[in-house]
Student: 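I'd like to ask you about the structure that follows.
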Amino acid sequence: MCGICGWIDFRADQRAPERRAVLDAMTATMSCRGPDAEGTWVDRHAALGHRRLAVIDLPGGAQPMRLDARRDGEPELAIVYSGETYNFRELRAELGGPWRTDSDTEVVLRAHREWGADAVRRLNGMFAYAVWDPEAEELLLVRDRLGVKPLYYLPTADGVRFGSEPKAILADPAVERRVTRDGLRRLLSWVHDPSNAVFAGLREVPPGHVVRVSRAGVREERYWQLQDTGHTDDVPTTVRRVRELLDDTAKRQLIADVPLGTLLSGGLDSSALTALAQQYTDGAVRSFAVDFTGYEEDFTPDDVRGTPDAPYVREVAEYVGTDHTDIRLTTDQLMDPAVRSATLHARDIPAGIGDMDSSLYLLFKAVRAQSTVALSGESADEVFGGYRDFHDADTVAADTFPWIAGRMMKQGPSLLAVDLDLDDYVDAQYRRALSEVPELTGPAANDPHERRMREICYLYLTRFLPTLLDRKDRMSMAVGLEVRVPFCDHRLVEYVFGTPWSHKTFDGREKSLLRHATKDLLPESVVQRVKSPYPSTQDETYEKALRERAADLLRRGSPVEPLIDRARVAARIDGPMTGTHDMGARTQLERVLDLDAWLRDYDVQLDLT
């Protein structure tokens, strides 16, 4: 996996000692992402930093990596690379030798020398990397198609700064930690927007894009996008093709020179993935599940979670034959100030989902003690249409993002005192997203419901999924764990996106294609289980501790005070207990506490003019 960063300045010599010191500081922020090794490389106008988590070719994959020898007048190239290219062996054979290492990094670097920026179109994987060409004085910032691996950049008058995470860029003392009204709107809106990375001027390399940086300026270029494929396969053929793609993807993503496991929740997605992994692994696959003390015994169904995970996890682990470990967490662990601080530092921004971040961080930390790589079922709901909001007529018909109209993100009255015009912001984002949706072709083009479901699928894949992928990446890399997401294989995403909605629900259920493609691998109870989201503690002591900390915040005063309505916060503190994780009382208090910690710990300069 790894963390990357760098600094291009066309008007200065990056070899100066004070500039090397800045590069070292930027690189040091990536130490959690790459605990195994550190490397830097400096040219006249380029400074590249790398922290390595060794997964493939442990002795030979050191970075930054360069092609030193010129061939037929072609220029030397340098790369810092994060991620995995799962088809690197096929590309290696196509490119021919000789090779200095067995790493996929060298394959990607050689591919760029052979095919230029078009090399990325040949890659199958999750990646974010930077390639510097000293002769052309051009930097390429490249991100995978779905945005599994993060990459941020800050254009400047003299070039660009970039990093796997904002903290790498913010480590430069010359970079302001300023957040404007637009940044806050992005932070609070639950809508992904690569052009607005919260901190003023900061952007993400959009998924499926290459960013070119030269003396002429900075230019984003799209190399991949979701398209209408004119799907003509019937349902049985579609189910078979989905299974073929899943089999191939699972085999590719099991390649590692370090211990590997799976994340198992007992739902269809993670169970199918675990079963596929077991099918192509010698010996028992390690599987891991998160649980809370007393959760199964005292579980109370709510609007989004009808059953606890534990019984299904046990059944799948026994049925498939995994070497299973349950990670059980307590309220004390979830509320540990050190854990809360670590999750904020990992994400760089206050996500406002409290125990769901803390528990994921603690889960990944426990998994890392036994495995360096884990497979996750993330993105299956977005790809196959698993969320309940896909299947609720009122939510589908709403003229906004479905997760905002539906149950998933319902919130009570805001605790913020500042008017950010969030409704207008969200609506503008929604209109922009709709304008990108590829038009349907064939018979489905005349079906209004098919057209609307194509829009819903596009919205989830491009405006909701990236937020989940970023969370997964940050929490895992904070403890040096590589989490792979096979359901994000772009071939699978392209194929399923192109199928009619009637295919995706042909048995009258959610995720029909995935269910039927993998049902031979799973116990019937899991095949028929209704979607249940990532768990959240129902322990009352957690909410009590949350309210106590919010009350203390009001007593002592804090940087967040100009943003909040004290009376509403106090009323929420004294209001009825929810007992479950919703987007009302509990989550809004978590957001206030996270905002407070962020403003203090990151020394954020608010500019709401």
Side-chain angles (χ1 to χ4, degrees), residues 1 53 55-56 83-89 104 124-126 146 148 242-290 309 312-327 360 363-364 366-381 383-384 386 469 472-473 476 481-493 496 511 513-523 525-527 529 534:
M1 197 46 66
L53 175 65
V55 173
I56 294 176
E84 304 290 350
T85 297
Y86 301 119
N87 64 334
F88 78 98
R89 290 174 175 169
D104 57 343
N124 176 306
M126 56 176 192
L146 274 297
V148 180
V242 167
R243 177 59 178 270
E244 290 169 358
L245 288 166
L246 288 172
D247 282 335
D248 183 70
T249 298
K251 284 185 284 188
R252 288 178 184 276
Q253 299 202 20
L254 286 167
I255 297 173
D257 297 333
V258 292
L260 180 148
T262 69
L263 304 174
L264 178 61
S265 71
L268 176 63
D269 315 336
S270 66
S271 299
L273 188 58
T274 297
L276 285 165
Q278 184 61 73
Q279 187 171 344
Y280 297 110
T281 301
D282 295 329
V285 168
R286 292 184 177 95
S287 60
F288 302 89
V290 67
D309 289 343
Y312 297 93
V313 168
R314 289 193 295 270
E315 187 174 7
V316 172
E318 182 177 350
Y319 188 91
V320 174
T322 68
D323 177 8
H324 184 72
T325 301
D326 284 315
I327 313 299
L360 192 63
L363 167 64
F364 287 158
V367 172
R368 182 63 174 90
Q370 300 184 51
S371 293
T372 308
V373 177
L375 303 185
S376 166
E378 194 89 85
S379 82
D381 286 307
V383 173
F384 290 99
L469 293 175
K472 176 271 310 169
D473 175 87
S476 61
L481 176 71
E482 174 178 300
V483 175
R484 298 176 179 177
V485 279
F487 290 114
C488 277
D489 183 290
H490 73 275
R491 301 166 303 162
L492 177 68
V493 174
V496 177
K511 290 189 286 196
L513 294 176
L514 178 60
R515 178 176 293 102
H516 285 263
T518 59
K519 64 181 181 179
D520 62 304
L521 303 171
L522 302 170
S525 63
V526 173
V527 173
R529 189 185 181 195
Y534 181 84

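Predicted model only: the values in this text are computed from it and were never measured.
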Student: Is the shortest heavy-atom distance from the side chain of R515 to the side chain of R529 under 4.5 Å?
Tutor: no
Student: Evaluate side chain to side chain contact (heavy atoms under 4.5 Å, CB included) for Y319 paired with V526, printing each intermediate quantity in order.
Tutor: CA-CA 11 Å; Y319 188 91; V526 173; over 6 Å; no
Student: Taking the side chain from S265 and the backbone from G267, do they hold a donor-acceptor pair closer than 3.5 Å?
Tutor: yes
Student: Between atom CG of D248 and atom CG of D489, what is the distance when rounded to the nearest 0.5 Å?
Tutor: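 Going from the CG atom of D248 to the CG atom of D489 covers 7.5 Å.
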Student: What I'd like to find out is whether the side chain of L263 reaches to under 4.5 Å of the side chain of S270, using heavy atoms alone.
Tutor: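 Heavy-atom side-chain distance check fails, nothing below 4.5 Å.
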Student: Is there a donor-acceptor pair closer than 3.5 Å between any side-chain N or O of E318 and the backbone N or O of V313?
Tutor: no
Student: So do the side chains of V242 and V496 get within less than 4.5 Å of each other, counting heavy atoms only?
Tutor: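 They are in side-chain contact.
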Student: With no hydrogens and no angle check, just 3.5 Å: does a side-chain donor-acceptor pair link E315 and S525?
Tutor: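 Yes.
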Student: Under 3.5 Å, is there a donor-acceptor pair between the side chain of Q278 and the main chain of V285?
Tutor: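 Checked: pair present.
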Student: Would the number of heavy atoms belonging to other residues, nucleotides or ligands and lying under 6.0 Å from CZ of R491 be above 12?
Tutor: yes
Student: Please round to the nearest 0.5 Å and tell me the distance separating atom OG of S371 and atom CG of L260.
Tutor: 6.5 Å
Student: Rounded to the nearest 0.5 Å, what's the gap from CG on L245 to NE2 on H490? Could you check?
Tutor: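 The CG atom of L245 sits 10.0 Å away from the NE2 atom of H490.
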Student: Considering only NZ, NE, NH1 and NH2 on the basic side and carboxylate oxygens on the acidic side, decide whether K251 and D247 come within less than 4.0 Å.
Tutor: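 A salt bridge is absent here (no side-chain N lies under 4.0 Å from a carboxylate O).
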Student: Side chain to side chain contact (heavy atoms under 4.5 Å, CB included), that's the test. Do K511 and V383 meet it? Break it down for me.
Tutor: CA-CA 9 Å; K511 290 189 286 196; V383 173; over 6 Å; no
Student: How far does CZ of R286 sit from CG of L375, to the nearest 0.5 angstrom?
Tutor: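 The CG atom of L375 is 13.0 Å from CZ of R286, to the nearest 0.5 Å.
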Student: So do the side chains of E378 and V483 get within less than 4.5 Å of each other, counting heavy atoms only?
Tutor: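 The answer is no, as the side chains (C-beta and beyond) never meet within the 4.5 Å cut-off.
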Student: Is there a side chain to side chain contact (heavy atoms under 4.5 Å, CB included) between T262 and L273? Walk through the geometry before answering.
Tutor: CA-CA 8 Å; T262 69; L273 188 58; 5.6 Å; no
Student: Examine distances only and state if a side-chain atom of Y312 and a backbone atom of L268 form a donor-acceptor pair shorter than 3.5 Å.
Tutor: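 No; judged by distance alone, with no hydrogens or angles, the pair does not exist.
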Student: Do L246 and P486 touch side chain to side chain, with heavy atoms closer than 4.5 Å?
Tutor: no
Student: Specify the closest pair of heavy atoms between L522 and A272, including all atoms of both residues, with the distance to one decimal.
Tutor: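 Shortest heavy-atom separation between L522 and A272 comes out as CD2-N, 3.9 Å.
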Student: Decide yes or no for V527 and H516: does some side-chain heavy atom of the first lie under 4.5 Å from some side-chain heavy atom of the second?
Tutor: no
Student: Under 3.5 Å, side chain of R484 to main-chain N/O of S376, donor-acceptor pair present?
Tutor: no
Student: Do S476 side-chain atoms and D473 backbone N/O form a donor-acceptor pair below 3.5 Å?
Tutor: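 Yes; judged by distance alone, with no hydrogens or angles, the pair exists.
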Student: Return the minimal non-hydrogen interatomic distance between F487 and G377, and the atom names on each side.
Tutor: CD1-O, 3.5 Å
Student: Please test Y86 against D104 for side-chain hydrogen bond (donor to acceptor under 3.5 Å, both in side chains), starting from the C-alpha separation and ending with a verdict.
Tutor: CA-CA 8 Å; Y86 301 119; D104 57 343; over 6 Å; no
Student: Looking only at non-hydrogen atoms, find the nearest pair between A284 and G321 and report the distance.
Tutor: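 Shortest heavy-atom contact: CB-O, 3.5 Å.
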Student: Please test Q370 against F288 for side chain to side chain contact (heavy atoms under 4.5 Å, CB included), starting from the C-alpha separation and ending with a verdict.
Tutor: CA-CA 10 Å; Q370 300 184 51; F288 302 89; 3.7 Å; yes
Student: Pick out which of T322, T325, D323 makes a side chain to side chain donor-acceptor pair (under 3.5 Å) with S287.
Tutor: T322
Student: Is there side-chain contact between R89 and I255, with heavy atoms separated by less than 4.5 Å?
Tutor: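 Yes - at least one pair of side-chain heavy atoms lies under 4.5 Å apart.
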Student: R243 and L276: which non-hydrogen atoms are nearest, and at how many Å?
Tutor: NE-CD2, 4.1 Å
Student: Is there a side-chain contact between L264 and R314, using heavy atoms and a 4.5 Å cut-off?
Tutor: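 Of all side-chain heavy-atom pairs linking R314 with L264, none is under 4.5 Å.
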Student: What is the distance from atom CD of Q279 to atom CG of L254, rounded to the nearest 0.5 Å?
Tutor: 10.5 Å
